[in-house]
S.K.: 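Please find one structure pasted underneath; my questions will follow.
Order of the sequence lines fixes the chain letters, A, B, ..., with proteins taken first and strands second; residue numbering starts at 1 for each chain.
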2 protein chains.
Amino acid sequence: MSTAVRNDDSGLRAAPKGGSGLRKQSKADASRERVLEAAAKTFSERGYAGTTMRDIARAADLQAGSLYYHYPSKELLIEAVIDKGIHNITNAVVNTIATLPPSTSYADRVRAAIQAHLHALLTYSAFASASRHLLAQVPVEVRRKHVLRREAYEEFWLGLLQSSQAAGETRDGVDLRLARTFILGGLNSALDWYRPEGKSIEELADQFAMMVEGGILIDRPD
Amino acid sequence: MSTAVRNDDSGLRAAPKGGSGLRKQSKADASRERVLEAAAKTFSERGYAGTTMRDIARAADLQAGSLYYHYPSKELLIEAVIDKGIHNITNAVVNTIATLPPSTSYADRVRAAIQAHLHALLTYSAFASASRHLLAQVPVEVRRKHVLRREAYEEFWLGLLQSSQAAGETRDGVDLRLARTFILGGLNSALDWYRPEGKSIEELADQFAMMVEGGILIDRPD
DNA sequence: GTCTATATTTTGATAGAC
DNA sequence: GTCTATCAAAATATAGAC
């Protein structure tokens with residue numbers, strides 16, 4: 001019953017300093033990564049202004065001053081976090097859909113998208129949470145850029161639903177834009193209540209897909 | 001098609017200072033109210049730590065020092081905002097359901113609850129937004145109390161769905177707790193994208209009810 | 001790369017005049 | 001009730017030793 005295609009790709013890999021194309025993954029990169037993870041966790045828990053550079057430093061096992069070797073300011077740090085939060089999900093979903101066999105029904109495509117979205121959301125939950133809840137609190141320029149990226153992702157979902165409609169697989173009378181926000185809103189709410197001790201992400205996805213199909217897609221004969 | 005029962009009640013009316021039961025609604029109360037509105041708006045836009053007392057004062061047309069005549073601290077101010085945000089919605093929904101004729105079907109009850117929830121959410125959106133997005137950023141004691149209130153509200157919804165199930169009006173195989181979070185997550189997401197220029201709240205509610213019924217409740221003959 | 005100062009600015013809150 | 005200072009604490013970011 002579950003459609004288990006998936007494809008992670010965080011995007012955003014820092015280029016090596018040198019100039020030639022050779023990868024030189026080393027200590028600095030590892031620290032930078034640790035700082036970013038610490039920032040995501042702390043920002044998502046306390047908000048943008050509520051998080052101090054000292055908080056992040058403590059979570060990354062560093063002193064506050066040392067953060068500035070890796071990121072030049074608090075603003076660019078939250079930007080990197082939000083960026084990754086959006087990319088994680090977008091890449092996972094887009095890649096998953098791209099990998100499906102061309103003959104896949106739209107109901108199954110939507111099901112796979114739900115699966116991929118939920119999986120990325122809950123696997124990188126600190127990044128996802130930051131990019132969902134903190135956009136409003138962030139400096140305007142950062143916000144503007146990422147609102148556009150989010151809209152692009154939402155547009156991808158709309159396309160999915162529109163194709164589904166064109167194929168006669170959606171229920172009559174449903175406003176596809178509203179259906180899209182309803183679906184994404186329901187999925188994203190998992191950030192607020194999901195606990196790994198409970199149902200697995202796959203079970204969650206199956207349940208959600210079932211509700212979405214029954215409500216938005218026409219019942220189809222098994 | 002729309003179930004237009006509704007019942008607003010903000011709760012939270014400050015008692016008059018005097019001691020006897022006589023209402024003395026006057027200048028202080030008006031200012032206090034203005035401060036609360038300003039706080040809700042500013043907190044919801046910039047987060048808890050991101051909002052300064054000076055920001056709130058400006059939005060309320062006062063000087064920063066003057067706020068402390070009405071509220072003793074920033075912490076009690078956000079608490080009042082969050083409190084009102086939760087009460088607005090809970091009261092609206094509970095009162096709406098209580099007012100329905102006993103013979104009302106569960107599908108219609110859910111539809112009325114969706115209508116009332118959406119209406120309260122979007123009418124007092126600054127308060128609702130603060131109590132939804134800022135809980136994590138608020139001092140622990142405030143948070144603990146309001147998490148309980150939110151859970152009580154969610155429990156009310158679960159009861160609604162369970163009664164529906166007992167009456168044979170829900171679709172087989174659906175996990176009611178998940179259905180509840182999915183519904184509320186989808187509805188609450190309207191905070192992020194609803195614009196008064198577009199569809200009316202009633203139209204929105206009808207669309208959402210239709211999706212929920214088709215997905216979660218058994219299709220019923222018209 | 002990471003540390004230990006430290007400057008500069010901003011914040012929540014108070015005091016006292018009106 | 002609201003204003004104008006002002007205090008004390010905390011924050012971002014920088015400088016320079018190691």
S.K.: How long is the line joining OH of Y68(B) and P of dG16(C), in whole Å?
M.R.: 17 Å
S.K.: Please name the pair of heavy atoms, one in A38(A) and one in I56(A), separated by the smallest distance, quoted to 0.1 Å.
M.R.: CB-O, 3.8 Å
S.K.: Do any side-chain nitrogens or oxygens of S66(A) fall under 4.0 Å of OP1 or OP2 in dC3(C)?
M.R.: yes
S.K.: Roughly, in whole Å, what's the span from CZ in F43(A) to C1' in dT12(D)?
M.R.: 12 Å
S.K.: Quick one: D55(B) CG to dG12(C) C1', roughly how many Å, whole number?
M.R.: 13 Å
S.K.: Roughly, in whole Å, what's the span from CG in L77(A) to C1' in dA11(D)?
M.R.: 15 Å
S.K.: Would you mind reading off the distance between I56(B) atom CD1 and dT10(C) atom C1', rounded to a whole angstrom?
M.R.: 15 Å
S.K.: Could you pick out which residue, R54(A) or L62(A), lies toward the 5' side of DNA chain C when each is mapped onto its nearest nucleotide?
M.R.: L62(A)
S.K.: I want to check one thing: is the phosphate of dT2(C), taken as OP1 and OP2, less than 4.0 Å away from some side-chain N or O of Q63(A)?
M.R.: no
S.K.: Can E45(B) and K41(B) be counted as an ion pair, charged N to O under 4.0 angstrom?
M.R.: yes
S.K.: Return the value, rounded to whole Å, for the distance between atom CZ of R46(B) and atom P of dT10(C).
M.R.: 14 Å
S.K.: Does this structure show an ion pair linking K145(A) with D83(A), if we count only N-O contacts that are shorter than 4.0 Å?
M.R.: no
S.K.: If the cut-off is 4.0 Å, is S73(B) near the phosphate of dG12(C), judged by side-chain N/O to OP1 or OP2?
M.R.: no
S.K.: Determine, for R32(A) against D29(A), whether the closest basic-nitrogen to carboxylate-oxygen distance falls under 4.0 angstrom.
M.R.: no
S.K.: M53(A) CE to dT14(D) P: how many Å, rounded?
M.R.: 10 Å
S.K.: Side-chain N or O of Y69(B) less than 4.0 angstrom from OP1 or OP2 on dG1(D)?
M.R.: yes
S.K.: In whole angstrom, give the distance that lies between atom CD of E75(B) and atom C1' of dG12(C).
M.R.: 12 Å
S.K.: Taking only side-chain N and O atoms of T52(A), does any of them lie within less than 4.0 angstrom of OP1 or OP2 on dA10(D)?
M.R.: no
S.K.: Does a salt bridge link K84(B) with E33(B), judged by any charged N lying under 4.0 Å from a carboxylate O?
M.R.: yes
